[in-house]
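Only one structure is covered here, and it is reproduced in the block below.
The first residue in the sequence is number 1, and the count goes up from there. Side-chain atoms are counted along with the backbone in the values below, which use heavy atoms only and exclude waters and symmetry mates.
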Amino acid sequence: MTADEVTGPPVEAMAAAAPTASPRTALEAATGHLRRQQHEDGWWKGDLVTNVTMDAEDLMLRAFLGISTPRTNEETARWIRSQQGA
């Protein structure tokens, strides 16, 4: 099944009807939306949006493994601080 073959109410319409939609209707709308976004090989592609936790974990892991460098530490720390103030 390709993404174009999936039918179901548009997500925007479901959002407007959300307070009265049944759980089953909401599930079908969500599933339809995900299937329309899915590549025919089964994967999804999109922007990874996160907070600075992943960057901080990477910084810590590099220090733990002994592969961090002063430059990497400074650049990562600068990025983390810039996002925390946003």
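- Nearest approach of Thr76 to Asp55, heavy atoms of both residues: CG2-O, 3.9 Å.
- Enclosure of atom CG in Asp47 is not indicated, since only 12 or fewer non-hydrogen atoms of other residues, nucleotides or ligands lie within 6.0 angstrom.
- Of the inter-residue distances, the one linking Lys45 atom NZ with Trp43 atom CH2 reads 6.5 Å to the nearest 0.5 angstrom.
- In terms of the salt bridge (Lys or Arg N to Asp or Glu O under 4.0 Å) criterion, residue partners of Arg24 (sequence neighbours excluded) are, by chain and number, Glu28.
- Here CE of Met54 is found 5.0 Å from CG of Leu48. Values are rounded to the nearest 0.5 Å.
- In the hydrophobic clustering of this structure, Leu61 groups with Ile67; members are Ile, Leu, Val, Met, Phe, Trp, Tyr whose side-chain heavy atoms approach within less than 4.5 Å, directly or through other members.
- Contact between Ser68 and Asn73 at its shortest, heavy atoms only, is CB-OD1, 3.4 Å.
- Taken from CD in Glu74 to CZ in Arg71, the straight-line distance is 10.0 Å, to the nearest 0.5 Å.
- Although no hydrogens or angles enter the test, the distance criterion places no donor-acceptor pair under 3.5 Å between the side chain of Arg35 and the main chain of Thr31.
- One distance of note links OG1 of Thr53 with CD of Gln83; it measures 12.0 Å at 0.5 Å rounding.
- From Trp44, atom CH2 reaches atom CD of Gln37 across 10.0 Å, with rounding to the nearest 0.5 Å.
- Distance check: Ile80 CD1 to Glu75 CD gives 12.0 Å after rounding to the nearest 0.5 Å.
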